[in-house]
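Inspection log for the structure reproduced underneath, given as structure tokens.
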Amino acid sequence: MYPKATQIEIETVRILFRRFIRNRCSQKEIAQALVFLQSAEGREMYAELMDQEFMKREFDEDCFSNRHIRRQFAALERKIDKTARESYVNTGLN
């Protein structure tokens with residue numbers, strides 16, 4: 001962050017961090033966010049936004065059921081298997 005950052009600049013960084021937290025950044029935006037995270041002010045702002053995001057999310061108890069967790073892991077395993085198969089095909093080693 002800059003010592004004399006304007007309110008517009010601060011809000012722009014907040015918007016960037018919110019996009020970063022929600023995994024909605026381009027590669028260029030990720031690089032910008034990482035630069036801001038190198039400053040104490042940037043880390044403080046990021047921590048505040050993370051707290052806000054965490055508090056906004058409501059946790060559904062069903063999300064912590066064994067059935068839900070098993071389904072989530074199964075979906076993750078399918079994605080990993082698919083990615084591994086695609087990577088293997090793309091290497092031309094088959």
Side-chain angles (χ1 to χ4, degrees):
M1 205 84 79
Y2 305 102
K4 294 185 178 183
T6 67
Q7 191 59 36
I8 292 172
E9 290 170 330
I10 292 170
E11 189 55 34
T12 301
V13 173
R14 282 189 181 122
I15 291 168
L16 175 64
F17 280 158
R18 284 186 190 105
R19 289 177 50 79
F20 185 76
I21 290 167
R22 295 175 183 147
N23 198 23
R24 306 240 188 259
C25 284
S26 66
Q27 293 289 22
K28 183 179 177 182
E29 290 170 323
I30 291 170
Q32 290 172 334
L34 294 175
V35 168
F36 288 121
L37 284 169
Q38 292 177 11
S39 71
E41 296 89 356
R43 287 189 300 275
E44 183 178 337
M45 183 186 297
Y46 183 76
E48 289 172 8
L49 291 171
M50 285 294 290
D51 288 344
Q52 290 171 9
E53 286 293 314
F54 181 75
M55 296 306 283
K56 274 197 292 189
R57 297 174 191 229
E58 294 181 23
F59 291 102
D60 183 1
E61 287 184 27
D62 187 48
C63 288
F64 296 103
S65 71
N66 285 336
R67 180 177 177 205
H68 179 76
I69 291 169
R70 282 194 302 272
R71 282 192 311 210
Q72 292 297 101
F73 273 108
L76 181 58
E77 287 175 336
R78 285 191 300 275
K79 286 181 182 179
I80 291 169
D81 288 344
K82 180 182 177 192
T83 302
R85 281 192 306 275
E86 290 171 353
S87 295
Y88 179 73
V89 168
N90 291 335
T91 62
L93 297 175
N94 53 356

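Taking NZ of K79 as the reference point, atom NZ of K82 lies at 9.5 Å (rounded to 0.5 Å). The CZ atom of F17 sits 13.0 Å away from atom CD of E53, with the distance rounded to the nearest 0.5 Å. Separating the CD atom in Q52 from the CZ atom in R18 is a distance of 6.5 Å, to the nearest 0.5 Å.
For the residue pair I30 and C25, the shortest heavy atom distance occurs at CG1-CB, 3.6 Å.
Within a 6.0 Å radius of CG in D81, other residues, nucleotides and ligands contribute more than 12 heavy atoms. In L76, the CG atom is crowded: over 12 heavy atoms of neighbouring residues, nucleotides or ligands sit closer than 6.0 Å.
The side chain to side chain donor-acceptor pair (under 3.5 Å) search around R19 returns E29, not counting sequence neighbours.
I15 and V13 fall into different hydrophobic clusters, where Ile, Leu, Val, Met, Phe, Trp and Tyr side chains are chained together by heavy-atom contacts under 4.5 Å.
When side chains are defined from C-beta on, L49 does not count as touching F20, because their heavy atoms never get closer than 4.5 Å.
Looking at E77 and R70, no side-chain N of the basic residue comes within less than 4.0 Å of a carboxylate O on the acidic one, giving no salt bridge.
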